[in-house]
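Written out below as structure tokens is the structure these notes cover.
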Number of protein chains: 2
Amino acid sequence: MLTDRVRFKPLQDKITDAVTAAKHIADGTNLFISGFTAGYPKLIPQELVRRAESGEQFKINLFAGASTGDMVDGILARANLVAWRRPYMSDKFMRQEINLGKISFKDDHLSQLSAKVRAGEWGRCDVAVVEAAAITEKGHLIPTMSVGNTPTYMREAKKIIVEISESSPLQEGIHDIFIPEDPPYRTPIPLYRTADRIGKPFIDMNPDRVVAILFSTEKDHCPIFMPPDSNSKRIAEHILEFVQHEIKKDRIPPSLPWQAGVGDVANAVLSGFIEDKNFSSIDIYSEVLQDSVLDLIDIGKIRAASGSALTLSEKARARFFNEIYRYQEKIVLRPVEISNSPEVIRRLGVIAINTAIEIDIYGQVNSTHVMGTQLMNGIGGSGDFMRNGALTMMVTPSTAKGGMISAIVPMVSHVDHSEHSVDVVVTEYGLVDTRPLTPRQVAEQIIHKCAHPDFRDQLWDYFQRAVKERGGHEPHILEKSFFMHQLFMEKGDMRQKG
Amino acid sequence: MLTDRVRFKPLQDKITDAVTAAKHIADGTNLFISGFTAGYPKLIPQELVRRAESGEQFKINLFAGASTGDMVDGILARANLVAWRRPYMSDKFMRQEINLGKISFKDDHLSQLSAKVRAGEWGRCDVAVVEAAAITEKGHLIPTMSVGNTPTYMREAKKIIVEISESSPLQEGIHDIFIPEDPPYRTPIPLYRTADRIGKPFIDMNPDRVVAILFSTEKDHCPIFMPPDSNSKRIAEHILEFVQHEIKKDRIPPSLPWQAGVGDVANAVLSGFIEDKNFSSIDIYSEVLQDSVLDLIDIGKIRAASGSALTLSEKARARFFNEIYRYQEKIVLRPVEISNSPEVIRRLGVIAINTAIEIDIYGQVNSTHVMGTQLMNGIGGSGDFMRNGALTMMVTPSTAKGGMISAIVPMVSHVDHSEHSVDVVVTEYGLVDTRPLTPRQVAEQIIHKCAHPDFRDQLWDYFQRAVKERGGHEPHILEKSFFMHQLFMEKGDMRQKG
Ligand SMILES: CC(C)(COP(=O)(O)OP(=O)(O)OC[C@H]1O[C@@H](n2cnc3c(N)ncnc32)[C@H](O)[C@@H]1OP(=O)(O)O)[C@@H](O)C(=O)NCCC(=O)NCCS
Ligand SMILES: CC(C)(COP(=O)(O)OP(=O)(O)OC[C@H]1O[C@@H](n2cnc3c(N)ncnc32)[C@H](O)[C@@H]1OP(=O)(O)O)[C@@H](O)C(=O)NCCC(=O)NCCS
């Protein structure tokens, strides 16, 4: 086992236990970890918690690829061990601490992060902790289910701790690692088609910096994907029909690659391809690949699927591990600065679909802050895809919280994506192509086609009054623009009664 | 003259007058014109106005590169001839009509526009009217002081009308025309350094589509640049000092190229280089080049200056025309999809400086809508540079309207650039580097360092109450967040008295 997984002899004497390894981490350490929904380290976080529980007082600054699992963000936050966390996270407890101001948090467009770390904007890179499937004969690292920022973190870190995941297959060949040069010496990223491989199937590693290697039998926590509900299905139908229409009108070429954000609607859109008759050879150029990608590969509909991570349910993972030789012909995992690169997204002409918390009548989008103040997860990569896609769509069910909240509001309480980055707005009720419309026309259509019928009257009334009382290119009555949010905060219901 | 300017024989019999040429333009025509602050056609707009004044009823849809001059946007709007206008404009009367909903207007990120036109998103390309210095022996077109979207407009238009500007020097060699392929066949834009020339010094033109050629003695309206006022000077000083500091800290390499938006502050920053001792070999990778660029060339401080247009004062233009052989070694004018390309901006690592209307305590920026409703000009290229620059700065004087308005507000009334696209906020009072800060820390610093002292207390009071009463990652009291805007709308003064 050992010689299978750590094939580089000079490093075999670095194999140790978590207690010894974690001694490199102390109060104030900047900790850069692998992990992007999957592929995060598991032993070191547990050991840090053990130390905290045994009375040691310390805090770390935690930098990841994006969200991880309870085994990192959850347990570290609960043990009160995190001073800073960057970027995107989705842990319930950590979110609560961030919103209380107890954990310092900052999000970045995911495409920009690695370069910022290399520039030193985030401070010293003390320790990198990365999960790996193996270390090769030449001392190269084979990652597991994600790439994220790991290549840059490993290059910049003064010390490296590797957690060898014994349950991961020795899946060489699924990763494509390319770190671009930084300005002023950057050259084009030589990726021309979704399937292209432009780098190495491993991460370069300076063995002198490896301070510890651990063996781990822990597994990523697997998400449970629900079969698409009727709202997600309707949203997916609207989207497929619309894209088909645009192709017929010759406004987009057939076979542009697709990106779909995280969550149920995204999964529903991709599942929609299974039944669909029009799309038969699909490219996915996305961030996180989910179960639906395997399903589509199985029925021969995927030409290529590119992402920065593979997040699979328990069942799908077993399937993937069993037939990895087959899936790896189609799937490639890249650093997030490549999967989310504006240069590449624009070059390929990606059709981007992302989920909003709320969308306003003029098409401004809130992806991150509930009621304008409470952070949900972060902007993640949505900005990279929405700003640069050839056709960009924001989707949301028309209501939240059992119908008490309208996802279509007069003015969003926080803006992550401006109207200029949002071509199309979709709810289960309908789809609006904002591209040929003025803001006022957008408002009319979003209210009538996308909003839930329970809220259309009050939205329309607001819009009409704003036009009359204030006018302007985007009429608003500033002191009333959040009246629906206020209603909800006061009465738990955005609906105006009587 | 004629044979100098229209050297392609087969087109010489297309030379005609404006009345005849403009017959190709009728009610409902989609009119695509050259022009990007400079280089717009002058005769055809006048002729259209003449027709309107003589009683003809018609309206056109007007698509430009960006803003033009009174001789296009002004006179056409006043004659009530414009149904649609896209994108960015800065004419006073046209702005008024847009805000009244009488002219339909939509803005786009300037980098995306040409591709959208080629994709057919904007509808049929009926007629292109372009200003040119000459048509060469081979039937190629030499533009004048701007490139903008002209290459794409000429390629897509069914009919082309050329206005030969007799006052323009035969300045072959200053333009660099490159139209990228569109997805899925796009390849990297082969621009590696500011000075690179990647295309042709002329625009390809299908002579069969040329329906008329006019000779014009009209000139671009020249802006008048004020010597920097004390606020602009202080903002410029903060910026130069900060960038110098970042270079010393090795967080950015020396000699990254600079972009500076339109307006006085931008001009002041570039003028700041004249006295400055630290920057001696400057690259400008920007959108509109102004007088300051010539000044810097004259004292030998410019390595290369790239833009999409050259907007010069009367005096500077004379200087430029006289010694064009010397300036054209340093200056290159490109299509706006290249000057503003996210791919190129990120590759080069541009230091971006743009002006805001208002900035909020968390660093969200309004560049376009006064009091949330009244369009000023449009987002133009600011989003292209702010999202993709290596170091991005938003600047504004701390107050407007004689001190009655604070440019630092609790919540901006419209968002064009989210906090993630804004690294640094600068007013004459100070500079905040938001990169290593949480939103709450950003708020503290922006209030104390950037806001005008007259407004600090009320901003601080709002922020403290928001933290206490609502909390969250970005505390806001939604129903109070526009209280300063309300004060201004009610009393003409944002200052809270008593
Ligand atoms: C926006 C986002 C949170 C939606 O996630 P989702 O899983 O599809 O949506 P859900 O409907 O489960 O909503 C998540 C929560 O927000 C709540 N919510 C949704 N809309 C809401 C609204 N308008 N107001 C208040 N709460 C709302 C839901 O009720 C739910 O709350 P709960 O966890 O207490 O049940 C998620 O897509 C996200 O984080 N996006 C930003 C990053 C991104 O797009 N990444 C992909 C780019 S590649
Ligand atoms: C934001 C922008 C309008 C500022 O322009 P400017 O010429 O530097 O600024 P000024 O101070 O002259 O302001 C312009 C007007 O806005 C008003 N204004 C400025 N800030 C204001 C505020 N916070 N509230 C209300 N009005 C305000 C000014 O009073 C002035 O009004 P006036 O024309 O009636 O005198 C301009 O930079 C712009 O259009 N930016 C967006 C596009 C862009 O950045 N392009 C460059 C990218 S390459």
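In this text the structure is predicted, and so the values were computed from the model without any measurement. Every chain is numbered from 1 and lettered A, B, ... according to where its sequence line falls, protein lines coming before strand lines.
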Between [options], which residue shows the highest count of heavy-atom pairs closer than 4.5 Å to chain B?
| options | answer |
| --- | --- |
| A:Val467, A:Asp416, A:Asp107 | A:Asp107 |
| A:His485, A:Lys480, A:Gln374 | A:Gln374 |
| A:Arg387, A:Arg470, A:Met411, A:Gln112 | A:Arg387 |
| A:Phe483, A:Phe105, A:Tyr362, A:Trp122 | A:Phe105 |
| A:Val415, A:Val412, A:Val344, A:Asp108 | A:Val415 |
| A:Asp250, A:Thr187, A:Thr373 | A:Thr373 |

Report which part of [X] has an atom under 4.5 Å of a heavy atom belonging to chain B: side chain, backbone, both, or neither.
| X | value |
| --- | --- |
| A:Pro475 | backbone |
| A:His369 | side chain |
| A:Lys116 | side chain |
| A:Gln96 | neither |
| A:Ile345 | neither |
| A:Leu478 | both |
| A:Leu256 | side chain |
| A:Glu474 | both |

Straight-line distance of [X] [atom1] to [Y] [atom2], nearest 0.5 Å:
| X | Y | atom1 | atom2 | value |
| --- | --- | --- | --- | --- |
| A:Asn388 | B:Asn388 | CG | CG | 6.5 Å |
| B:Glu121 | A:Lys249 | CD | NZ | 14.0 Å |
| B:His473 | A:Leu100 | NE2 | CG | 12.0 Å |
| A:Met489 | B:Ile477 | CE | CD1 | 10.0 Å |
| B:His420 | A:Asp384 | NE2 | CG | 10.5 Å |

So do B:Tyr185 and A:Arg193 actually touch side chain to side chain, heavy atoms under 4.5 Å?
yes
Are B:Arg440 and A:Ser104 packed together at the side-chain level, in the sense that at least one heavy-atom pair is separated by less than 4.5 angstrom?
no
For the backbone of A:Pro436 and the side chain of B:Lys106, can you confirm whether one donor and one acceptor N or O come within less than 3.5 Å of each other?
no
With salt bridge (Lys or Arg N to Asp or Glu O under 4.0 Å) as the criterion, how do B:Arg346 and A:Glu343 come out once you've worked through the C-alpha distance, each side chain's angles and the decisive distance to 0.1 Å?
CA-CA 8 Å; B:Arg346 224 175 253 214; A:Glu343 169 177 340; over 6 Å; no
Chain A contacts, top residue of [options] (heavy-atom pairs, under 4.5 Å):
| options | result |
| --- | --- |
| B:Glu181, B:His476, B:Arg435, B:Gln486 | B:Arg435 |
| B:Ala466, B:Ala390, B:Gly472, B:Gly383 | B:Gly472 |
| B:Gly123, B:Gly349, B:Pro188, B:Ser418 | B:Pro188 |
| B:Pro184, B:Ala115, B:Gly471 | B:Pro184 |
| B:Ser341, B:Pro180, B:Pro342, B:Gly120 | B:Pro342 |

Side chain / backbone / both / neither for [X] at chain A, heavy atoms under 4.5 Å:
| X | result |
| --- | --- |
| B:Glu246 | neither |
| B:Arg86 | side chain |
| B:Thr434 | both |
| B:Ser111 | both |

